[in-house]
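Written out below as structure tokens is the structure these notes cover.
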Amino acid sequence: MKPELRIFHDSERLSRHAANLFIEESNKSIRQRNRFLVALNGGSSPTRLFQLLAAEYREDVEWGKVHVFWGDERCVPPTDEGSNYHQSHEALLSKVPIPEANIHRVLGELDPPSAAKQYSEVLKSFSEDGFGFPKFDLVYLGMGEDGHTASLFPGSPFDVAEPVLAVTAQYQDRPANRVTLTQLVFNQARLVVFMATGEKKAGVLAEVLSDRYNPAQYPAQRIDPKDGQLIWLVDDAAASQLPRKIKGLKICEG
Ligand code: 6PG
């Protein structure tokens with residue numbers, strides 16, 4: 001399926017669109033498979049999305065059938081401000097009627113290799129078709145100013161055989177020890193939604209969406225769902241260096 005780029009005037013509209021995708025996809029997945037498997041991202045991009053789902057959009061989701069996972073996690077305790085679990089728990093999960101048993105967090109309090117091993121086991125228990133990990137209904141991803149996504153950083157090996165990896169990477173002032181799912185998992189998803197906002201992402205977004213394929217340097221380019229759909233949600237600022245037309249990409253104004 002051709003990837004889509006949806007451009008929004010501001011991050012508020014973008015977040016509302018992202019929330020609508022959550023509602024649509026959860027309703028569809030629950031209708032078809034009686035559950036909804038979603039992987040969340042960390043960083044600042046999903047904050048408003050979490051708030052919307054916790055408040056205005058709360059009643060539109062059948063929370064009892066939602067299973068939440070993370071595309072990556074920083075190895076800090078779950079109560080630490082730097083934990084992706086903590087961030088989504090504060091803004092969303094503590095405010096909606098999702099069963100505790102449906103929250104599948106990475107045990108960030110462990111050392112990275114142990115946390116990665118533990119998460120591989122969690123993913124295995126949701127495996128379909130012998131993959132060793134679930135086919136996610138929806139994956140949200142952010143993108144760093146260096147083109148990283150989840151905790152797949154520039155220069156990291158992209159020919160990976162494992163669905164989950166322990167990683168050490170310095171980015172801004174965020175915790176360096178991390179666990180990440182790899183493109184093996186993301187590329188089996190039914191829908192992957194990237195969110196990128198702000199002028200600081202404009203240069204790297206233009207590079208990532210160009211036909212200059214350099215997945216070693218720009219890990220976001222590693223994401224290419226095999227049978228699923230890829231949608232980029234960006235705001236005007238992030239889109240400011242994009243050409244009007246991009247080969248292989250359907251562009252629409254949100
Ligand atoms: C993390 C992330 C990471 C994030 C990007 C973008 O745990 O840090 O999942 O991949 O999505 O760094 O972060 P912002 O949304 O803050 O720009």
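When a ligand or atom number is given, it counts from 1 through the structure's own listing order. This chain uses plain numbering: 1 for the first residue, then up along the sequence.
The heavy atom nearest to atom 9 (O) of ligand 1, considering only Thr149, Asp72, Asp146, Asn41, is found in Asp72. Of the listed residues (Gly144, Gly43, Gly142, Ala150), the one carrying the non-hydrogen atom nearest atom 3 (C) of ligand 1 is Ala150.
For Lys95 (side chain) and Glu90 (main-chain N/O), a donor-acceptor pair under 3.5 Å exists by modelled atom type. Put simply, the side chain of Thr149 gets close to the backbone of Gly142: a donor and an acceptor are under 3.5 Å apart.
Of the heavy atoms in Leu141, none comes closer than 4.0 Å to ligand 1.
When each atom of ligand 1 is checked for a heavy atom of Asn84 under 4.0 Å away, the hits are 1 (C), 7 (O).
The shortest N or O to N or O distance between Arg74 and ligand 1 is below 3.5 Å. Residue Lys201 places at least one N or O, backbone or side chain, under 3.5 Å from an N or O of ligand 1.
Of all protein heavy atoms, the one lying nearest to atom 6 (C) of ligand 1 is Met143 O, 3.6 Å. Closest to atom 13 (O) of ligand 1, if we only count protein heavy atoms, is Arg174 NH1, 3.2 Å. Closest to atom 15 (O) of ligand 1, if we only count protein heavy atoms, is Ser45 OG, 2.4 Å. At the top of the distance list for atom 5 (C) of ligand 1, counting protein heavy atoms only, stands His148 NE2, 3.4 Å.
A salt bridge links Arg33 to Asp137: at least one charged side-chain nitrogen sits closer than 4.0 Å to a carboxylate oxygen.
Gln172 CD: more than 12 foreign heavy atoms inside a 6.0 Å radius.
A search for side-chain hydrogen bond (donor to acceptor under 3.5 Å, both in side chains) contacts involving Asn187 returns nothing, not counting sequence neighbours. Residues passing the salt bridge (charged side-chain N to carboxylate O under 4.0 Å, His left out) test with Glu128 are Arg35, sequence neighbours excluded.
Within the 4.0 Å heavy-atom shell around ligand 1 one finds Arg178. Under the 4.0 angstrom criterion for non-hydrogen atoms, Tyr171 is in contact with ligand 1.
Side-chain atoms of Asp235 and Thr197 form no donor-acceptor pair, as typed in the model, at a separation below 3.5 Å.
Taking the centre and axis of the six-membered ring of Phe158, the NZ or CZ atom of Arg222 falls outside the cone set by 45° and 6.0 Å.
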